[in-house]
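These numbers come from a predicted model, not from an experiment. So that the names make sense, note that chain A is the first sequence line, chain B the second, and so on, each numbered from 1.
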2 protein chains.
Amino acid sequence: MKYADKVNDRLKKLLLVPKYKGLQKTAEAAAYSLNAGGKRLRPELCLEICRIYGGDTQKALDPACAIEMMHTFSLIHDDLPCMDDDDLRRGKPSCHKAFGETAALLAGDLLAIYPFEIIADCGFSAEQRIEMVESLSNAVGLYGMIGGQNADTLSRPETVGELVGTYTMKTAALIRASCEIGCICAGAETKAAEEYGENLGIAFQIVDDILDYTSDEKVLGKPVGSDKEKGKATVFSLCGLEGAKDLAREYTAKALEAAAKLPDNAYITELTTKMLTRIN
Amino acid sequence: MKYADKVNDRLKKLLLVPKYKGLQKTAEAAAYSLNAGGKRLRPELCLEICRIYGGDTQKALDPACAIEMMHTFSLIHDDLPCMDDDDLRRGKPSCHKAFGETAALLAGDLLAIYPFEIIADCGFSAEQRIEMVESLSNAVGLYGMIGGQNADTLSRPETVGELVGTYTMKTAALIRASCEIGCICAGAETKAAEEYGENLGIAFQIVDDILDYTSDEKVLGKPVGSDKEKGKATVFSLCGLEGAKDLAREYTAKALEAAAKLPDNAYITELTTKMLTRIN
């Protein structure tokens with residue numbers, strides 16, 4: 001079974017909708033977004049990095065799912081009217097469009113907290129689990145994803161350097177943590193995998209920006225050009241399409257260089273190359 | 001120095017506003033709500049329970065502050081327009097009124113994640129830290145605070161039993177966890193302290209309901225009767241003022257009974273009695 005299938009199966013078991021009516025709507029909203037067909041890039045990275053360092057991928061499945069939940073939390077809150085105000089996500093109504101704002105807010109909150117419960121309960125040593133908590137909370141906090149959202153929505157990056165800094169926090173920090181947590185699961189040194197994850201994450205966000213401007217709405221699953229409409233700074237608005245493509249190539253090259261330092265890296269290398277040429 | 005003063009000092013040091021403009025607004029909004037003059041009941045309980053079980057309260061200060069941050073996260077998100085839509089909190093503009101909805105959403109998110117970073121980095125053993133992560137995430141998750149919010153806002157409790165169940169999740173779970181984490185800091189058995197915290201938490205929320213109906217706006221620091229206006233079920237709407245007072249007395253008696261099982265419990269007993277007679 002492929003990683004993504006295992007992750008999808010496990011996510012469904014981890015987030016069951018309770019029988020008590022008073023708890024259902026938040027859980028349903030969270031499950032809706034969690035099962036909306038993401039690429040599962042972050043858990044896949046976590047599991048593959050765990051495997052190449054000789055770890056037990058079955059045991060790593062719960063931390064990998066915890067990371068995907070954290071990612072989904074960020075998507076749900078990002079789509080809210082007070083953030084990006086997006087009605088569509090992966091071709092379906094975004095969480096607040098399907099369940100209302102109250103349930104979407106609470107579903108996001110739930111998917112921000114539950115990952116820590118899952119990690120605290122998983123089968124690794126206390127030392128490994130607390131290292132995972134540290135890595136994940138760090139990647140999501142003020143100098144990670146949440147700070148990146150601040151930089152992206154409440155302050156406008158003015159240079160390519162600032163924009164790359166924003167992307168490092170907003171997107172690359174959690175992708176880096178996915179790789180780091182894969183290493184922690186395997187009891188391996190994390191440095192090379194973190195370097196890989198960070199560069200991949202930056203490249204990934206630049207490609208996202210390019211797709212926002214050049215893709216077809218049906219292929220992308222959300223309105224094209226929505227960043228531009230909101231007056232957001234993107235790599236495209238700061239250095240044009242060719243400049244953006246150059247930057248994506250630069251960071252993909254850096255990621256491939258870092259990937260070359262990893263053991264048994266054929267799949268990781270393939271995945272990295274695929275990221276640059278993906279269409280949605 | 002009193003517990004609350006130590007907590008206030010430490011909270012200011014734990015949440016510094018970064019120099020980089022792109023990160024400031026979220027941190028400022030979080031610090032605004034965190035330093036808005038709460039009672040610090042939860043950290044106080046954590047520290048006092050740690051002390052009575054012979055633990056090091058200085059070392060327990062960071063986990064205690066982490067709990068207060070988690071509480072503040074819930075207040076910020078609760079006040080948002082899609083939740084209770086409250087303009088005032090502790091006599092001041094609520095976070096989204098002062099900083100806008102985007103910053104308030106992100107500030108809440110930050111204060112939901114940062115507690116785990118603080119616990120992961122604090123001075124206790126890996127076993128103790130992961131137990132704290134488990135206790136805290138459990139208290140906040142679907143069968144804790146977030147589930148309680150769902151039951152309170154998206155589904156209307158119809159009996160006193162359902163309402164007490166909602167309060168157990170919405171309010172008592174985090175107060176219970178504060179007591180549990182105090183025990184974990186001291187390396188003590190948690191059962192008696194958890195029983196105490198749960199009953200205190202339920203009594204506390206019932207008193208809050210009563211105050212919402214009977215208090216003076218200036219004393220309460222928020223509009224009186226706001227629960228009724230929103231058509232929310234409260235203990236007052238379900239069993240009237242006298243019934244509500246009886247229920248508050250019942251749970252305070254249960255809390256005092258549990259407190260009697262704790263060692264060196266003079267301060268805890270005083271605090272519990274004070275809770276029933278507080279005016280805001």
I need the A/L111 CG to B/I146 CD1 distance, nearest 0.5 Å.
8.5 Å
A/L80, part contacting chain B, at a heavy-atom distance under 4.5 Å:
side chain
Under 4.5 Å from a heavy atom of chain A, the part of B/P115 involved:
neither
B/Q24 versus chain A, the contacting section by heavy-atom distance below 4.5 Å:
backbone
Okay, B/S155 and chain A: the region with an atom under 4.5 Å from a heavy atom over there is side chain
Whatever's closer than 4.5 Å to a heavy atom in chain B on A/P81 counts as neither
Residue part contacting chain B, namely of A/F116, when any heavy atom lies under 4.5 Å
both
So for B/L154, is it side chain, backbone, both, or neither that comes closer than 4.5 Å to the heavy atoms of chain A?
side chain
Is there side-chain contact between A/E127 and B/E127, with at least one heavy-atom pair below 4.5 Å?
yes
B/T102 side chain to A/C82 backbone, donor-acceptor under 3.5 Å:
yes
Over 12 foreign heavy atoms within 6.0 Å of NZ, B/K21:
no
Taking the side chain as every heavy atom from C-beta outward, state whether A/L110 and B/N150 have any pair of such atoms under 4.5 Å apart.
no
Is B/M145 in contact with chain A via its backbone, its side chain, both, or neither, using a 4.5 Å heavy-atom distance?
neither
Kindly give the heavy-atom pair with the smallest separation between A/A126 and B/I130, and that separation in Å.
CB-CG2, 4.1 Å
In terms of ring plane angle, is the pair A/H77 and B/H77 parallel, tilted or perpendicular, where the classes change at 30° and 60°?
perpendicular
Any idea which of A/A27, A/P18, A/A103 has the most non-hydrogen atom pairs under 4.5 angstrom with chain B?
A/P18
Answer key: most heavy-atom pairs under 4.5 Å with chain B among A/L142, A/V140, A/T166, A/V133 is A/L142
Less than 4.5 Å to any heavy atom of chain A: does that hold for the side chain of B/D121, its backbone, both, or neither?
side chain
Answer with side chain, backbone, both or neither: which region of B/L105 has an atom nearer than 4.5 Å to a non-hydrogen atom of chain A?
side chain
On a heavy-atom basis, which atom in A/G141 and which in B/E117 lie closest, and how many Å separate them?
CA-OE1, 4.4 Å
Over all heavy atoms of both residues, which pair between A/I113 and B/A112 is shortest? Give the atoms and the distance, please.
CD1-O, 3.7 Å
Straight-line distance of A/K25 NZ to B/T153 OG1, nearest 0.5 Å:
9.0 Å
Gap separating the CG atom of B/L106 from the CE atom of A/M83, nearest 0.5 angstrom:
4.5 Å
